[in-house]
Amino acid sequence: MRIGRNFIEDGILRALSRVQGRYYFAIFVLAAVTLSYQILITRFFSVMLYYHFAFAAISLAMLGLTRGAMEVYGKPARYAPERVSVEFARHASWFAISGVGAMIVFLCVPVAIPPNYVPAALALATFAFVMPFTESGVCITLLLTRVPYSGGWLYAADLSGAALGCLGVIFVLLVVDPVSATLWIGAFAAAAGWIVVRNNGDIPTLRLNAAVALTLAAAATVHTGLDVSGKSHLGVFWAKGAAQKGTLFERWNTYSRVRVTPMGETTPFGWGLAHTPQTKIDQNYLDIDADASTVITRYDGDPGKLSYLKDDVINAAYLVQPPEDVAVVGVGGGRDILSGLYFGASRIRGIEINPAIFEVLTDKFADFSGHLDRAPGVSLVNAEARSYINHSPDRYDLVQISLIDTWAATAAGGLTLTENRLYTVEAWDDFYRALKPGGLLSVSRWFEPDAHRGEFYRLVAIAAEALQRKGVPAAELPRHVVALNVGSIVTVITRPDAFTDAQWQDVRTRLQAQGFKILLGPDVAFDTVTSTLMSGKADAAFFASLPENIAPSTDDNPFFFYTARFGELVTRPSSALTNNNAAINMTLLLILVALCACGIYIAVPFIRLARQMPLSVLTPPVAYFSAIGMGFMLIEISQMQRLMVFLGHPVYGLSVVLFTILLFSGIGSATVGARTPRPGAVAARIAALLIALVAAGLLTPLLTTWARSEATDMRILLSVLLLAPPAFCMGMMFPLGLSIWRRHSELLPFFWSANGITSMFASVLGMALSIEFGIARTYALGACFYIVCAAMIVASRRAAGLRASDTAQRAALA
């Protein structure tokens, strides 16, 4: 009898394990394709709209996932536990269909919208891209809240799948175009649904998933073949209101879309030309995300044909003193390399971060550009400039940085905006250490005397701070800085060694003879702002008194491009409509939208539930899961921002930082068992989390400063070591909450939605806080939310104790 009973129980356990195995696989795949899809739409938004619209991608994803969770919460009969497999399969297929459909429509419709219709168009686009994430949200919520609780393993599979998705999309985009990748994503999602429902007996759903998976897989195969063979295929037809015609070359990766088109025989391109060239030259146009641009010049090896380059103010440093060794940061189409050749530099090191641009110059258009990588004295490297210079023993007479901004959102751009580690005080200190005695650092940026001075002021502020850190006395600062202007370009040239009076008079004569306007110099002042900056007396009160935030950007606050203050946008929102500050306006709008979403998806259901159950029972779990959403995202954002600056290359935001956080969070989640944890075990986990967060917060700035000159592999290792412990501990918190409050099984989808919508709010709030107050303070706030989690557990247990005591007293009286 016992043998038979054991046999039956073993059979039941084996059957359950098979079902659970399918669910683990399904949530793993769906999480992977969901995050991959989110990354792809950040790229589409950046290319076809403007880079700051890509910041909305994570908000769309979180909003959709929350809507899916509330769909499950609001329809308990439809999404009952016995219908999990059928509903998962149906919504997985609809994720595939709606995701591919939204992408195709977005590609084919001309994005040229009259200003009055922009809000309606954005609302329509929001609805279109929220739909796929809503379908995914239903699927994930079903498995996390409607399947018999088995500890943190399902949540671990969810996080691990997301980790694979963020890593896999990097390699996928190296092989196929983003349209093919989207089709493959849809095929895998539908296939995951088919696997879940294949033994359920629901033939219509099984056929739907099979048809969707096979159709999209076939379309993806054909489209991938067309892309690889170079034949016509579906792609970006309209970008930023202009038709994308005449493409000679196109390459995508996770942080840019590089495209080359012909210009033909035209007047030589220039940024700030003091004189109009009288010759014509054959050039190609290279753009990044259909916005930031440069040119590729046909070059036959004769520098004499490049005389127009001496009239460009970005090359003014060559007139200050002729350099022998030059480092060009951001090679682009090779124009600054040609400048070095024209002015007779002996050795030119070109450092280009983008492999697609590097491919353009050294392979696809190498013949056109004269094989600059083979020119005498020229060497090109595909690397991030600051990292390369830090660990290279080479020293230079000139480090040139000319208008390095791509206006292209990275795939992690929904989380990090556009930090640029080239324009910080610490970066300039690195560049100064790479200079020979008397060497120059030349940085060119945009400038309009009456409309856009913020970047110029901030360059001067960075220069003043960096030079003082080098030991330059405040009174001597004017002898180390020269600023020149032509048209809409300003070039700030700084030198750790002071100009003597004789040197400056010679330099001044040459610069004026060339037609460059001198804004700053040892005996030239521009205005009261720059005079205060160059006096070394600019303090916090001075910067706060100015209409723009021009305080020197640092590695803790590397947002060089954003000079608008969030507080001023409320009263003067038009101040953010120019230049990069439009991103600040978008962030403020997203914060307002997220607040409204929190009201709809948390406050309204909470008020309804408060009429049915005591606040002492309802408040702790809602606050707990909301605090997890806030804390996890603020920690993730701040560490991504800080370590992306440390690691340098944009791709590391996904391949190292986000992957490590998600993977180790998943591992931590798997350590939470299905049984209700003992109070001592809960206290130990929370204590470990808080210790890990404090340690990481203190060690990150110290180690990143100490190791900034280390090789890339060492910096990656240190980043993983900094991220893994807190990520492991943070991953425990969600399944820990499920185990503590699983008695409220009907409310679990609501708890999950509260976590999702607060994550959406934190994603945009974290960006705003980092810009306004710095990355370190954003991290500290994230850690504080986990203290709130601990407080909610204590409050819940205390309330439960009081209820038990009250029940016992009533029983005794009875």
For D291 and D287, what are the C-alpha separation, side-chain angles and deciding distance, and is it a side-chain contact (heavy atoms from CB on, under 4.5 Å)? CA-CA 6 Å; D291 196 349; D287 68 66; over 6 Å; no
Determine, step by step, whether L717 and D713 satisfy the side-chain contact (heavy atoms from CB on, under 4.5 Å) criterion, reporting the C-alpha distance in whole Å, the side-chain angles of both residues, the deciding distance to 0.1 Å, and the verdict. CA-CA 6 Å; L717 176 61; D713 53 356; over 6 Å; no
Yes or no on side-chain contact (heavy atoms from CB on, under 4.5 Å) for V524 and V482, after CA distance, side-chain angles and deciding distance? CA-CA 9 Å; V524 179; V482 177; over 6 Å; no
Check step by step if side-chain contact (heavy atoms from CB on, under 4.5 Å) holds for L519 and T530. CA-CA 10 Å; L519 302 183; T530 54; over 6 Å; no
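Between the side chain of D527 and the backbone N or O of V529, at least one donor-acceptor pair lies under 3.5 Å. Of the possible polar contacts, none joining the R642 side chain to the Y779 backbone as a donor-acceptor pair under 3.5 Å is found. Listed for the T660 side chain is no donor-acceptor partner under 3.5 Å among the backbone atoms of V720. Judged by distance alone, with hydrogens and angles left aside, the side-chain atoms of N382 form a donor-acceptor pair with the main-chain N or O of E352 at under 3.5 Å. Judged by distance alone, the side chain of S535 and the main-chain N or O of T532 form a donor-acceptor pair under 3.5 Å. For the pair D397 (side chain) and P323 (backbone), a donor-acceptor distance under 3.5 Å is absent. Under a 3.5 Å cut-off, the side chain of S46 and the backbone N or O of R43 do not form any donor-acceptor pair. Remark: the backbone N or O of I314 is paired with a side-chain donor or acceptor of Q400 at under 3.5 angstrom. Side chain of N485 to backbone of I489: a donor-acceptor contact under 3.5 angstrom is found. Distance alone, capped at 3.5 Å, is enough to place a donor-acceptor pair between the S719 side chain and the R715 backbone.
Remark: D336 engages no residue in a salt bridge (charged side-chain N to carboxylate O under 4.0 Å, His left out) (not counting sequence neighbours).
Among I288, T294, V331, the one residue that satisfies the side chain to side chain contact (heavy atoms under 4.5 Å, CB included) test with I357 is I288. Looking at V490, V492, L319, I493 one by one, the single match for side chain to side chain contact (heavy atoms under 4.5 Å, CB included) with L484 turns out to be I493.
With contacts defined as side-chain heavy-atom distances shorter than 4.5 Å, the pair I389/I351 qualifies. Proximity of V320 to L398: side-chain heavy atoms (C-beta onward) are nowhere separated by under 4.5 Å. In this structure, L781 and T778 have side chains that are not in contact, with every pair of non-hydrogen atoms separated by 4.5 Å or more. Using a 4.5 Å heavy-atom threshold, the side chains of F542 and K537 count as separate. Counting heavy atoms from C-beta on, the side chains of T700 and F646 never come closer than 4.5 Å. Contact annotation: the side chain of M733 approaches that of C789 to within less than 4.5 Å [non-hydrogen atoms, C-beta and beyond]. A 4.5 Å side-chain heavy-atom check between H452 and F447 finds every atom pair outside the cut-off. Two residues are said to be in side-chain contact when any heavy atoms from C-beta on lie closer than 4.5 Å; M640 and V657 meet this criterion.
Because its NZ or CZ atom is both nearer than 6.0 Å to the ring centre of F499 and within 45° of the ring axis, R495 counts as a cation-pi partner of that residue. A cation-pi contact links R445 to Y423, judged by a cut-off of 6.0 Å to the six-membered ring centre and 45° from its axis.
Inspection of the R349 and Y388 side chains reveals an N or O donor paired with an N or O acceptor under 3.5 Å. In summary, the side chains of S387 and N390 do not present any donor paired with an acceptor at a separation below 3.5 Å, with no hydrogens or angles considered. For the 3.5 Å distance criterion, the side chains of T424 and S553 fail to qualify, holding no donor opposite an acceptor. A donor-acceptor contact under 3.5 angstrom links the side chains of T491 and S444, judged on distance only. Using modelled atom types, one finds a donor on one side chain and an acceptor on the other under 3.5 Å when comparing N253 with N354. There is no side-chain donor-acceptor pair under 3.5 Å between Y318 and S442. With no hydrogens or angles considered, no side-chain donor-acceptor pair links Q641 and S638 at under 3.5 Å. N557 and T554 form no side-chain donor-acceptor contact under 3.5 Å, judged by distance and modelled atom types alone. If you check the side chains of Y457 and N549, you find no donor sitting under 3.5 Å from an acceptor.
Annotation: F773, atom CZ; neighbour count of heavy atoms from other residues, nucleotides and ligands within 6.0 Å does not exceed 12. A 6.0 Å sphere centred on NZ of K470 holds more than 12 heavy atoms belonging to other residues, nucleotides or ligands.
The shortest non-hydrogen separation linking A163 to F659 is O-CD1, 3.2 Å. The shortest non-hydrogen separation linking M62 to M760 is CB-CB, 3.3 Å. Across S59 and S763, no two heavy atoms sit closer than the pair OG-OG, 4.2 Å. Nearest approach of A385 to V329, heavy atoms of both residues: CB-CG1, 3.4 Å. In plain terms, the two heavy atoms of W271 and L403 that are nearest each other are CD2-CD1, 3.3 Å. Taking all atoms of both residues into account, the shortest heavy-atom contact from M633 to A762 is CB-CB, 3.7 Å.
Remark: aromatic rings of F664 and F728 are distant, center separation not under 6.0 Å. Taking the six-membered ring wherever Trp is involved, the centroid distance between the rings of F456 and F526 falls below 6.0 Å.
In this structure, L658 CG and C166 SG are separated by 4.5 Å, a value rounded to the nearest 0.5 Å. Remark: M767 CE to E772 CD distance equals 13.5 Å, nearest 0.5 Å. Atom CG of residue D430 and atom CG of residue L435 lie 11.0 Å apart, to the nearest 0.5 angstrom. Taking CG of L520 as the start and CG of L477 as the end, the distance is 11.5 Å to the nearest 0.5 Å. Between the CZ atom in R453 and the OG1 atom in T563 there is a gap of 13.0 Å [rounded to 0.5 Å]. The line from OG of S759 to CZ of F632 is 8.5 Å long, rounded to the nearest 0.5 Å.
By the 4.0 Å N-to-carboxylate-O rule, K436 lies close enough to D325 to be salt-bridged with it. Salt bridge status for D555 with R386: present, with a side-chain N to carboxylate O gap under 4.0 Å. Classification of R777 and D556 as a salt-bridged pair fails, no side-chain N sitting under 4.0 Å from a carboxylate O.
Ring orientation note: the planes of W428 and Y432 are nearly perpendicular, at an angle over 60° on the 30°/60° scale.
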